[in-house]
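Working notes for the structure below.
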Amino acid sequence: MKKQIVILLFLLINSCIINAAVQFATQPYLQNLTPTSVTVMWVTSGSEKLTGWVEYGTDSCSMKAYEYDHGLKQAFRKIYRVKLDGLRPGTRYQYRAVIREITGFVGNTSLTWGDTSQTDVYYFTTPEETAAHTQCVIFNDVHSNEQYVDSLMTLHGLSFNDMDFVFFNGDMLNAIPSENEILQHFLAPYSSLFASQIPFYSVRGNHEYRNKYARHWFDYVQTGDDNRGYYSFSKGNVFFIVLDTGEDKEDSHSEYNGLLDTEAYRASQVSWLEEQLTSDAGKQAAFTIVFMHIPFYSNTSIERYAVGDTRRLFLPLMNKYGVDVVISGHTHKAGIINADDTHSFPIVIGGGKDINEEKKPYCPTVITLKTTADSLFVNILDWYSENRGSLNISK
């Protein structure tokens with residue numbers, strides 16, 4: 001009898017280990033949704049002895065898509081990035097992510113297979129080619145307090161399902177010491193909350209540069225086709241430009257231990273920015289909006305090095321070619337710096353993570369952005385149900 005119990009326990013333990021080897025650490029999350037394509041990403045937990053794919057379609061999940069790398073379907077990894085091409089504009093699709101365990105090799109080419117696991121079926125709708133409007137929400141400076149995002153949406157009666165996308169404008173994490181920080185405070189909660197059906201776009205803040213695992217950030221997100229950190233995209237009648245503003249102090253500062261090169265990285269974006277501001281996509285859009293974590297001017301008594309450096313590098317081009325609004329974060333103090341003789345456009349700054357009456361101006365915010373055919377509306381909504389600033393720009 002004891003021997004039978006031992007055998008049963010052994011089988012149960014090994015069954016748990018096998019099941020644990022084919023688990024999803026996140027739900028699938030959408031990146032770079034266009035009228036004809038989308039990238040589906042997810043992260044697994046446990047063993048890397050896996051392969052994975054996406055099953056999708058309009059009426060059923062009858063089609064399959066894989067991630068390829070130089071003639072090989074991706075396998076033996078935890079992060080998957082599958083692009084669905086050839087989609088129809090303005091069409092509702094369903095999809096699910098699937099992973100399959102690889103239990104061993106037979107010779108050099110044959111495999112033995114283990115369990116298969118799949119996510120729930122999710123839905124997304126590709127945008128129309130000629131949409132004359134867009135709507136999104138913007139978050140910044142959450143600093144690993146991911147619960148603020150859902151709370152702010154609920155507080156202000158906002159629904160992710162009404163949005164074309166969500167934008168994370170930097171410092172969503174406090175630092176990145178390990179993969180767990182990205183999973184626990186970013187990808188797992190947001191993929192469960194909305195990102196399996198509504199895409200998010202993102203840019204690093206200075207805190208996403210901090211600690212050793214920061215070098216893996218781009219393994220987990222897609223920022224443009226080449227994933228270099230700064231990029232542009234169009235939604236409806238808006239052309240969005242995303243700049244990566246780097247760390248906030250000089251690279252030589254002792255805090256960075258000689259491991260930064262963000263000043264050269266910022267400078268490398270200047271010629272690219274001019275190309276975007278003069279591009280056909282920018283000229284054809286009703287509005288041009290810039291996302292950048294560190295603003296051109298601080299609305300507090302503190303102005304660190306990068307504020308002045310972004311102003312020196314990027315501001316002359318934006319004044320020369322014109323943008324409609326710049327949306328930033330970083331200072332934790334919500335508000336709008338109106339256009340004047342130094343900058344020909346308003347600068348919107350989102351709030352920060354402090355929640356107490358003494359630091360009320362620095363509380364978390366959600367920025368709402370909506371366009372119609374000829375108008376742009378921006379509101380900064382805070383933790384205390386107050387509006388910290390509004391814009392209404394008409395063409």
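Sequence positions, counted from 1, serve as the residue numbers for this chain.
Here the side chain of N299 pairs a donor or acceptor atom with the backbone of K333 at under 3.5 angstrom. Distance alone, capped at 3.5 Å, is enough to place a donor-acceptor pair between the T126 side chain and the R88 backbone. Between the side chain of E274 and the main chain of Q276, no donor-acceptor pair closer than 3.5 Å is present. Side chain of T134 to main chain of G236: no donor-acceptor pair is present (N/O by atom type, distance under 3.5 Å, no hydrogens or angles). The main-chain N or O of D171 is found under 3.5 Å from a side-chain atom of E208 such that the two form a donor-acceptor pair. For the pair S196 (side chain) and P28 (backbone), a donor-acceptor distance under 3.5 Å is present. A donor-acceptor contact shorter than 3.5 Å links the side chain of H253 to the backbone of E255. For N237 (side chain) and T372 (main-chain N/O), a donor-acceptor pair under 3.5 Å exists by modelled atom type. With H185 contributing its side chain and S144 its backbone, the two residues share a donor-acceptor pair below 3.5 Å. Between the side chain of Q269 and the main chain of Y265, a donor-acceptor pair closer than 3.5 Å is present.
Just one residue in the list L152, N140, L381 forms a side-chain contact (heavy atoms from CB on, under 4.5 Å) with I367, and that residue is N140. Of the listed residues (N169, V149, L173), just one forms a side-chain contact (heavy atoms from CB on, under 4.5 Å) with V142, and that residue is V149. Here the options are V378, L376, I393, the test is side-chain contact (heavy atoms from CB on, under 4.5 Å), and the partner is T371; only L376 passes.
Other residues, nucleotides and ligands place no more than 12 heavy atoms under 6.0 Å from the CG atom of D225.
The pair K395-D324 meets the salt-bridge criterion, since a charged nitrogen lies less than 4.0 angstrom from a carboxylate oxygen. Checked for salt-bridge contact, K235 and D164 miss the test: no charged N lies under 4.0 Å from a carboxylate O.
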### Message
For Y201 and F240: C-alpha separation, side-chain torsions, deciding distance, then whether ring pair (Phe, Tyr, Trp, His ring centres under 6.0 Å) applies.
### Response
CA-CA 11 Å; Y201 294 78; F240 292 97; 8.1 Å; no
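Using the six-membered ring where Trp is involved, Y93 and Y56 have ring planes that are tilted, between 30° and 60° apart. In this structure, F233 and F167 have parallel ring planes: the angle between them is below the 30° cut-off, well short of the 60° mark.
Considering only residues two or more places apart in sequence or on other chains, P89 meets the side-chain contact (heavy atoms from CB on, under 4.5 Å) condition with P35, T36, E129.
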Please list every donor-acceptor pair under 3.5 Å in which a side-chain atom of residues 59-75 meets a protein atom from a residue at least two apart or in another chain.
{"from": "E67", "atom 1": "OE1", "to": "R81", "atom 2": "N", "distance (Å)": "2.9"}
{"from": "E67", "atom 1": "OE2", "to": "R77", "atom 2": "NH1", "distance (Å)": "3.4"}

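Put simply, the side chain of D248 does not reach to within 4.5 Å of the side chain of Y209, judged on heavy atoms.
For residues 338-358, no pair satisfies salt bridge (charged side-chain N to carboxylate O under 4.0 Å, His left out), with sequence neighbours left out.
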